[in-house]
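Below is one structure, written out as structure tokens; the observations come after it.
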Amino acid sequence: MDVFGFAVTAAGDVLRDAAIDAGYELGAFDGSARALDELADANGITKGRRRMRPLLDLLVAIGALVRDGERFVRAAPPVRPVVARAGWGTMVDVFRSDKALDVEGGEVELRYQAHLAEVGAAPATELAPLLAGASLIDLGSGVGTYAAAYLDRFGDARATAVDFFDVVPLTRKFLARFGERATVLSDEISTVQGSDVFDVALLANVVHLHDPRTCERLIARAARLLVPGGRLAIKDLRVDEDLSGPIASLMFALNMAIYTGGGDVYRTSQLREWLRAANLTAIEEHRLESSPDSIVVVAHKPRGAAAIFGAVTGLDACEAATHLPLEMPAAPRLMASHAMTAAPELVETIRRHYAIEMPRQRAAQLANTGHPLLHHPLAWHRLPRMRSAIERLFTVLHAAGVTTGVLGFATPKALFAEAPSLARLYERTHYGGMMPLLYGSDADLAYFASRDEDPDVVIDRYLTAPVIHELCHFAPDRDALPPHLDECIGGWLAVHVWPEFAYPAAGCDDAIYAAPWLAQVGQAFARAFGIATIVRAQTGALPWDAAVSPAIVEELCRRAWSDWSTRRSLHFLADTLDPDPWVAFALGRPLPADPAFDRAIVGDALRAMCLVTENVAGSLRTRTRVGEAAIMVDAVARQVATTPHNELDRVAPRHWLPPAVADAIRARGHAGYDVFLGSVEAIPAVVASLCDGAAAHDFTLVPHAIGDTAG
């Protein structure tokens, strides 16, 4: 039995009787249906009415009252017991005065702390494995039961126990056997000084003592004490979200209402809200067998992808980083410095590429006077496509709760005002300080100029996609995933904002070559973790380990580093034409139902099969064109594919198929289909057929039965 077990003792019977008696005294059983405030008004209770809620919850739980919305109605109250007008028997007086009963101190308090140490030993031992780390601060430690269990569990760890001055002597005595590994401080939790100090912070049986505002402050203080990557554990009594039980929790909450200024037993959802307000994430819930009516909630202080990547490699790359330009964005700079440290023979090659060659190409591009599109004064009212794409980007950010804007611009209007030319805008982007603009080469600019004499028309048609690509990488100093994944997420976001980034409109050739290969990986992550979460993480508004959990970021960093260690590519990207391992990782968890997103993914998969690229004098031009070959929808492999269109398709185009759609196809008895499109305009109808089983029209659908390997 934990510290909360008095509900099953004789003391629990006394409190139950006192609660029933208070119900009679307040008139709660007179047959009227009244809300808490109405019952308080009828009894002349003002400020103290907040203390009444635990009483009404308990009376509902024991069957004396029932809830009718916000009102409470008589059910089957027991016969009124005889209760002494002392202690719990005076709870109605406490409600009226809003003054908690005094708690005995001195010797009584010391005996109570000794009791807590005894009954808390088993839960403390069971909880200890969740507190792994080199240092712990036990806030509101009591005699140190939990600190002792932690130090017993982790032989090289150190613990700091914090409590009031009258408890500290007991704590020092209790923890004396650990010597210098245990430090005891006499302090209040709210005034403990320091930041980024401890691996683990613990609030065990503390939050129930305080009012909500104080709880929020204490949790924020505990979070500040943690190192990045550290964890805060809250162990306390558990109460159901509808406040229907457990009985022990409801009785304890009533006890807190009587004997504390604002203590309560809080819902787990409330604990989570306070943890999120303290910028803690990756929240987990645990139960203890030795304390079934309690809950343990553990939350993490984000480290960021850069710190996790450094921990994964185990390399000190600080010296190597000094050979790289300061203008290099943080994520590729981190990857490059670690690559130089791991492979000294590549130091000069990597250095020359990023410190000399890329800046040289950028300088030449910006100095180009033969095709001065990058310096052409931007008349934004004459750039409807680019303007619309940028405005759409801000809209997507706003929908995701991102308020920081883009590159320091809070609104599209502010961005337009400070971007007199593409060159000026590009210089502020993620890669704009040290690399050339994508599709800004001599061959590209010459091709663009050949299509129209009006520079505004050319910029709006051909450079909208490259600009959106750069903007979707956001600030160069944000904490980003390794470069390949950053390109994948940025590619998906660009498609989400501006579909023509990958899928050009009829008659147009302005998409980014091979964009679907990268974008489909980012799309898989958005499907797995939610669009808003991925958008917030990509912008830097939310650390990646907060968005998708530290374990997932660690595994992504490990895979990215392993891939580079095998391939040793100068650009630090994985095989762009092999998205399958990354997609499989993203989808390797249960997906929430999202039919609308799945339909959009199927549409993109079909459009990706209709892209044809040509090399026109060194400029890669991608168009939408329906081929004669079948589009193969494989519900078993969960893949959409077709045959290569020309030599620029180095592998057969393919795209992943949402698991729910694949399952629906197999449920119809089909292993997949061969799809023959009559036109791109038929794609929405094909999506309806694949997702919903709608009849085919304006296209041909050839089903494959389960077990049929043909096609």
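- In this model, a donor atom of one side chain and an acceptor atom of the other lie less than 3.5 Å apart for Trp88 and Asn255.
- Side-chain N or O atoms of Arg589 include one that pairs as donor or acceptor with a backbone N or O of Phe585 at under 3.5 Å.
- Salt bridge Asp57/Arg67: present, at least one basic N to carboxylate O contact under 4.0 Å.
- If you take CH2 on Trp274 and OG on Ser269, they are separated by 9.5 Å, rounding to the nearest 0.5 Å.
- No hydrogens or angles considered: a donor-acceptor pair under 3.5 Å links the side chains of Lys235 and Asn205.
- Salt-bridge check for Arg34 with Asp41: failed, with every basic side-chain N at 4.0 Å or more from each acidic carboxylate O.
- Although no hydrogens or angles enter the test, the distance criterion places a donor-acceptor pair under 3.5 Å between the side chain of Thr125 and the main chain of Ala121.
- Without hydrogens or angle criteria, Asp68 side chain to Arg71 main chain gives no donor-acceptor distance under 3.5 Å.
- A salt bridge between Arg53 and Asp264 is present, with a side-chain N of the basic residue lying under 4.0 Å from a carboxylate O of the acidic one.
- How far CZ of Phe252 is from CG of Leu15: 11.0 Å, rounded to the nearest 0.5 Å.
- The pair Arg238-Asp240 meets the salt-bridge criterion, with a side-chain N (NZ, NE, NH1 or NH2) lying under 4.0 Å from an Asp/Glu carboxylate O.
- The minimum heavy-atom distance linking Asp598 with Ala660 is given by the pair OD2-CB, 3.6 Å.
- Between Arg80 and Asp21 there is a salt bridge, with a side-chain nitrogen of the basic residue lying less than 4.0 Å from a carboxylate oxygen of the acidic one.
- Between the side chain of Tyr150 and the backbone N or O of Gly133 there is at least one donor-acceptor pair closer than 3.5 Å.
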Glu273/Arg276 under salt bridge (Lys or Arg N to Asp or Glu O under 4.0 Å): CA gap, chis, key distance, verdict: CA-CA 5 Å; Glu273 183 177 326; Arg276 286 191 291 267; 5.6 Å; no

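- How far CG of Leu542 is from CG of Asn279: 9.5 Å, rounded to the nearest 0.5 Å.
- Note on Arg558 versus Glu555: salt bridge recorded, some NZ/NE/NH1/NH2 to OD/OE distance being below 4.0 Å.
- No donor-acceptor pair closer than 3.5 Å links the side chain of Lys301 to the backbone N or O of Val227.
- In terms of modelled atom types and a separation under 3.5 Å, the side chain of Asp199 and the main chain of Ser135 share a donor-acceptor contact.
- Atom CD1 of Ile295 sits about 4.5 Å away from atom OG1 of Thr268, to the nearest 0.5 Å.
- To the nearest 0.5 Å, atom CZ of residue Arg96 and atom OG1 of residue Thr46 are 11.0 Å apart.
- At least one donor-acceptor pair closer than 3.5 Å links the side chain of Arg181 to the backbone N or O of Leu151.
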